[in-house]
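Here is the structure we will look at, set down as structure tokens.
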Amino acid sequence: MHFCVQGCVYVTIYRRRMSRHTTPAAPSRNRPSSRTRHGTVSALDVEILRFLLRFGMARPHHVVAWTGASPHTVKRRLAALAGRGAVKSMLVTAALRDPDGSVRETVCTAWVTTAAGAGYVGEWQVTGYDTPVALPVARHSRQMSHHALGVVDLAAWYRVHGFDVVAEREIRSREQTSTIAPDRVTEHFWAVDIPGRPGVHPPDLGAVAPDGEVWAVELERAVKEVRAYQEVIAAYRNAGMGQVWHIKSQATARRVLDACTRLGVQWAPPVAGGVTVSRDGLIRLQQWLPGRAGLRGPEQWTRQLPRSAPAGIPVPADKPDLSASWRRGRVIDLNQDELVGGVLW
């Protein structure tokens, strides 16, 4: 499916960028491994628990992609964490793809962090904010599993291509006011204000590209009024943020494109991969496909994400080592001469 329209008036806006070294997403304040009354929790365990806490739920292949751990390692760690009551599996309903490409509603297993597991995680730094984040356990809704698993699909895809990814739950925790805690200090970075709407509008994901470009990422599965899309698109543009719309249906695509046309967006020539890009490169539309059905064993938990970068955003060819945040041991430079057993190698 390719989205293509005729261009209109070209409008120039400023671009929001940030250095990956100014406000990086730092690791948890937990040490690489810490002993509790329940035993030792490794850095990988904390990474898994925090990932599930940030996005609410995930399937095992998402955990493999996010952490960079092997499928069999992830299987062992989930089993060990479940034995401690730190995670649990649940059956949820989601629209998934069969091997023949057809999409159907099916039941699959998702993993979530429990209240006990959240206690291991502590707080962590989130890209864009000065104050660390600590999240409670998500309220799990089987009705919301369609959207939640779609978003975590996107989150893993962006991360393996070197993006710093911020979850909607993290954004809401820092930017959304609360009637329960009206004096809570809030910050403003990812969410945008929309005139006439109460509160703020957070993207489904925040993503900082390897070059520092800031992107708001939306997964659009529904078909809304053109005006609703127009307001959100305009708010992101006014904030200087790039925006990516991963779209399920042609009906939704037509309405998003109509909203862009009303805002005077001019489009670049069509590019490969079913991506429609504005002339300034800051608005991108791409077809979204749900994840694969099945994937019952570790041998099926790899190579489930597209090889190409999301939305055709330029990224370096070399992908990051996602295990660096939790793997132990000294990194050895094989290009450096070392004395081994008295012999220069």
Side-chain angles (χ1 to χ4, degrees), residues 25-92 94 96 106-124 135-138 140 145 148-149 151-161 165 167 169 291-305 319-332:
S28 164
R29 295 191 177 185
N30 295 66
R31 290 178 292 179
S33 64
S34 57
R35 183 169 293 279
T36 71
R37 63 188 178 89
H38 300 288
T40 301
V41 178
S42 71
L44 175 57
D45 292 338
V46 173
E47 188 73 23
I48 292 172
L49 291 169
R50 185 165 59 240
F51 171 57
L52 297 177
L53 195 61
R54 294 172 69 184
F55 293 96
M57 65 175 63
R59 299 170 69 193
H61 73 281
H62 295 139
V63 181
V64 171
W66 185 270
T67 62
S70 72
H72 288 281
T73 296
V74 167
K75 181 180 180 180
R76 289 195 301 269
R77 297 323 305 158
L78 286 174
L81 289 168
R84 294 178 180 176
V87 299
K88 66 179 181 180
S89 62
M90 58 187 297
L91 294 178
V92 297
L96 300 174
T106 186
V107 175
C108 66
T109 299
W111 289 81
V112 300
T113 301
T114 65
Y120 292 130
V121 177
E123 57 186 18
W124 61 93
L135 295 176
V137 174
H140 304 117
S145 58
L149 291 178
V151 169
V152 80
D153 263 335
L154 294 176
W157 186 16
Y158 277 80
R159 178 169 160 87
V160 299
H161 284 280
V165 179
R169 296 193 72 224
R292 286 278 305 279
L295 309 183
R296 299 184 184 280
E299 65 280 356
Q300 298 176 304
W301 293 352
T302 58
R303 297 187 295 276
Q304 295 301 324
L305 300 175
K319 295 180 181 178
D321 177 10
L322 300 179
S323 69
S325 64
W326 56 264
R327 192 180 297 278
R328 296 180 179 181
R330 181 171 64 92
V331 177
I332 299 173

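Values below: every heavy atom of this structure, side chains too, minus hydrogens, waters and symmetry copies.
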Would you indicate whether the side-chain heavy atoms of [Y] and [X] approach each other to under 4.5 Å?
X	Y	answer
L149	C108	yes
M57	V152	no
W124	V46	no
R76	P71	no
V87	V112	no
R292	L96	no
L81	I48	yes
V92	V107	no

Rounded distance [0.5 Å steps], [atom1] in [X] versus [atom2] in [Y]:
X	Y	atom1	atom2	answer
D153	R59	CG	CZ	7.5 Å
R77	H72	CZ	NE2	15.5 Å
T109	L78	OG1	CG	11.0 Å
L305	H161	CG	NE2	7.5 Å
R327	L44	CZ	CG	8.5 Å
Y120	T113	OH	OG1	11.5 Å

Subject >> Heavy-atom closest contact (G85 atom, A116 atom, distance) >> reply: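 What the structure gives for the nearest pair is O-CB, 3.6 Å.
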Subject >> Pair H62-W111, side-chain contact (heavy atoms from CB on, under 4.5 Å): steps then yes or no >> reply: CA-CA 10 Å; H62 295 139; W111 289 81; over 6 Å; no
**OP:** Check the pair V121 / L49 against side-chain contact (heavy atoms from CB on, under 4.5 Å), numbers first and verdict last.
**Re:** CA-CA 7 Å; V121 177; L49 291 169; 3.6 Å; yes
Subject >> Check: E47 side chain, A43 main-chain N or O, donor-acceptor pair, under 3.5 Å >> reply: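 Not confirmed, E47 side chain does not pair with A43 backbone.
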**OP:** Start with the C-alpha gap between T114 and V137, add the side-chain angles, then the distance that decides, and say whether side-chain contact (heavy atoms from CB on, under 4.5 Å) holds.
**Re:** CA-CA 6 Å; T114 65; V137 174; 5.7 Å; no
Subject >> Plane angle bin for F51 and W66 - parallel if under 30°, tilted between 30 and 60°, otherwise perpendicular >> reply: parallel
Original post:
In this structure, which one of V74, T73, L322 forms a side chain to side chain contact (heavy atoms under 4.5 Å, CB included) with T67?
Top reply: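 The passing option is V74.
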